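Since we're looking at a predicted model, the values are computed, not measured.
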Amino acid sequence: MKFARGGVDLKSYLTVTEILTRKHFVNCEVIAGEKGLTNSVKWVHVMEVTRINELLKGNELILSTGVGWGEDPQSCLSFLQQLIYCKASGLCIELGTYTSKIPQIVIDKANECDFPIILFHEEVPFVEITQDVHSLLINQHYQMISDLEQYSHRLNQLLLTVNDPTVILQCLYESTGLLVGLKVSNELLTFAPEMDLLKQQLLLHYISSENESPHFTEQPIHLLGQDYAQLYVASINEALTELEVLTVDRTATALAQHFLKDLYVEEKKRVDETEWMTKWMNGELTLEQIKDSMHEVCSDSPIRGGVVVCCKWQRREKFDRTYFKLILRSIFEQEGFHLLVSERNREVLFILLNKRMVSTWRERLESSLHRWMNQYESDENSKRNAISFIGIGQYCEQLDCMHKSYETAKETISIQEMLQKQTIIHFYDDLHMYRIISLLHQHEDLQEVVFEYLQPVITYDETYNAKLMETLKIYLACNGSKQETAKRLYIVRQTLYHRIEKLEKLLGEDFMEPEKRLAIEFMIMAYEYLFMMKKSRAEFITDK
């Protein structure tokens, strides 16, 4: 299908010259602005008022009897200037009843601005003129839409059968005769298959030129939040028509669908090939086995270690996980990570293999996660699948140690669930003392150790409803500064002195000595850890 009818490109407008060939313009006379006869006309208006600045939108051919200005040269000039300002296409005037001639200053101004003035020396039916021209415009517009839909249908058929984007480029070239080129990411520019060398060089000239041209357009192809490819189109002789621009836009959409389909199929293939990751995360593979498997999924650049990110959902609902992984891969790869994904119930593991400097891994990972969360929170599908926590394990420079990163990522989530922090993203490296507390709790009776140090204070608070534990925590946090402690507790100094005396009796006068103080601070954190763990269990039982 070629977009032409009788050798004329289809468009949703006419030129003034084309309108002058209609039957009602047979005896008309062009008295000014002949260079503007190529102006496009998108509508025809009958206008007799003289103040028109707010009435026109541009590209209108105006029909008038001159009743608004009569024989007044200045009023006529003002009317013309307003038409030019509003980007009207031309002015048709019927002489006789209200005006007998056009002032010379008006003709001079029209010639200066290449604005066509056309005279009817006899009475003409304005109603029939508007009906005739409007019917022609509407028919052309309908034909343009019809041809555009036929072209879109052809593209849809190609998308079902072809695996090569050059076939889509060839379709655009055959339908329009335009020069067509495509650049995908950092690949070389691809031309429509049948374009000869001379046409390719002309298109390259337009692409490299910094000046805008009505003969050239470039259409970005967006995919997953980034510019994936660029479609370049140029006309050899005439400016691009509205239909051609719309055709280019439809082609860009078809190419985006083609590339998305390819990426989707590739992602599905990746999912089927990642069963070995389960054994890897369980520490069941040797370094050689890991390298053999890695060679199939990531061989484009050296790996400088990696980290496991554990993502836990509050609930699990059905959604397109392949598309979800496709978006994530796009985000992480821009920050220098190769992404492998493994799913386990309500838990998804992101195995991020670092391809850049080790020193910047955390900064780049934080940037990726925040970008993902911003996009995630704005997506309606994501809102129905709320994330509870994201735990980032220890960074491992050796691939056979990645199971340790997985274990620490799980531990990070486990600790954060008990502490019930408001934030979602947590790094294992930021847990500090809680890592030691968790380790101690696994091997010792943590409550017994805590009570060994703090039971006198805990018992006193329970018996007298006092606030010695809170005072002790703030006093230690303020490094023994009584003024700062009183200020943070909102109490007077005398009340604080009384509480400190009571703490000295319960804990010993040496409780601020360095070693004992360090142990007490540690036990306060452990006490809060146990309290939150107990509360978390109680809430779980209540929910059950």
Query raised in the report: Who pairs with Phe337 by ring pair (Phe, Tyr, Trp, His ring centres under 6.0 Å), at least two apart in sequence or on another chain?
Result: none
Report summary line: CD1 (Ile392) and CZ (Phe350) are apart, to the nearest 0.5 Å, by 10.5 Å
Query raised in the report: Would one find more than 12 heavy atoms of other residues, nucleotides or ligands at under 6.0 Å from atom CD of Glu123?
Result: no
**Report entry** Interatomic spacing from OG in Ser40 to CG in Leu14 - rounded to 0.5 Å
**Finding:** 9.5 Å
Query raised in the report: How about Phe126: does its CZ atom have over 12 heavy atoms from other parts shown lying under 6.0 Å from it?
Result: yes
Query raised in the report: Taking the side chain as C-beta and beyond, is there a heavy-atom pair between Val16 and Val30 under 4.5 Å?
Result: no
**Report entry** Residue pair Leu55 / Val49, side-chain heavy-atom distance below 4.5 Å
**Finding:** yes
Requested in this report: Give a yes or no on whether the backbone of Leu37 and the side-chain of Thr17 come within a donor-acceptor separation of less than 3.5 Å.
Outcome: yes
Requested in this report: For residues Ser64 and Trp69, determine if any side-chain heavy atom of one lies less than 4.5 Å from a side-chain heavy atom of the other.
Outcome: yes
Query raised in the report: Is the shortest heavy-atom distance from the side chain of Leu155 to the side chain of Cys171 under 4.5 Å?
Result: yes
Query - Any donor-acceptor pair under 3.5 Å from Glu18 side chain to Thr15 backbone - result: yes
**Report entry** Atom pair NZ/CD1 of Lys23 and Ile129 - distance to nearest 0.5 Å
**Finding:** 10.5 Å
Query raised in the report: How many angstroms lie between atom OH of Tyr142 and atom CD1 of Ile145, to the nearest 0.5 angstrom?
Result: 9.0 Å
Query - For Thr166, all residues meeting side-chain contact (heavy atoms from CB on, under 4.5 Å), sequence neighbours excluded - result: Asp164, Thr190, Pro193
Query raised in the report: Would you say the side chain of Gln200 lies within less than 4.5 Å of the side chain of Leu189, judging by non-hydrogen atoms?
Result: no
**Report entry** Residue pairs fulfilling ring-ring contact (aromatic ring centres under 6.0 Å, His included) with at least one residue in residues 196-220, sequence neighbours excluded
**Finding:** Tyr206-Phe216
Query raised in the report: Can you tell me if CD on Gln81 sees more than 12 non-hydrogen neighbours from other groups inside 6.0 Å?
Result: yes
Report task. Examine the side chains of Ser367 and Glu335 and answer whether a donor and an acceptor come within less than 3.5 Å of each other. Result -> yes
**Report entry** CG-CG distance between Leu61 and Asn39, expressed to the nearest 0.5 angstrom
**Finding:** 10.0 Å
Requested in this report: Side-chain contact test, heavy atoms from C-beta onward, threshold under 4.5 Å: evaluate it for Val167 versus Thr161 and give yes or no.
Outcome: no
Report task. Determine yes or no for a side-chain-to-main-chain donor-acceptor pair under 3.5 angstrom, with Glu218 supplying the side chain and Gln230 the backbone. Result -> no
Query raised in the report: Is atom NE2 of His134 surrounded by more than 12 heavy atoms (other residues, nucleotides or ligands) closer than 6.0 Å?
Result: yes
Requested in this report: Please identify each residue that fulfils ring pair (Phe, Tyr, Trp, His ring centres under 6.0 Å) with Phe120, with sequence neighbours left out.
Outcome: Phe25
Report task. Using a 4.5 Å cut-off on heavy atoms from C-beta on, say whether the side chain of Leu399 contacts that of Leu353. Result -> yes
**Report entry** With sequence neighbours excluded, residues passing side-chain contact (heavy atoms from CB on, under 4.5 Å) with Leu198
**Finding:** Asp196, Gln201
Query - Atom CD of Gln104: over 12 foreign heavy atoms under 6.0 Å - result: yes
Report summary line: Residues passing the ring pair (Phe, Tyr, Trp, His ring centres under 6.0 Å) test with His222, sequence neighbours excluded, are none
Report task. Please check if atom CD in Gln82 has more than 12 non-hydrogen atoms from other residues, nucleotides or ligands closer than 6.0 Å. Result -> yes
Query raised in the report: Any chance NZ of Lys101 has more than 12 other-residue heavy atoms, nucleotides or ligands included, within less than 6.0 Å?
Result: no
Report summary line: Taken to the nearest 0.5 Å, the spacing of Ile425 CD1 from Leu369 CG works out to 4.5 Å
Query raised in the report: Are any side-chain N or O atoms of Arg329 and backbone N or O atoms of Leu339, one a donor and one an acceptor, separated by less than 3.5 Å?
Result: yes
Query raised in the report: So is Arg362 actually on top of Phe427's ring, under 6.0 Å and inside 45° of the axis?
Result: yes
Query raised in the report: Side chains of Val341 and Leu328: closer than 4.5 Å at any heavy-atom pair?
Result: no
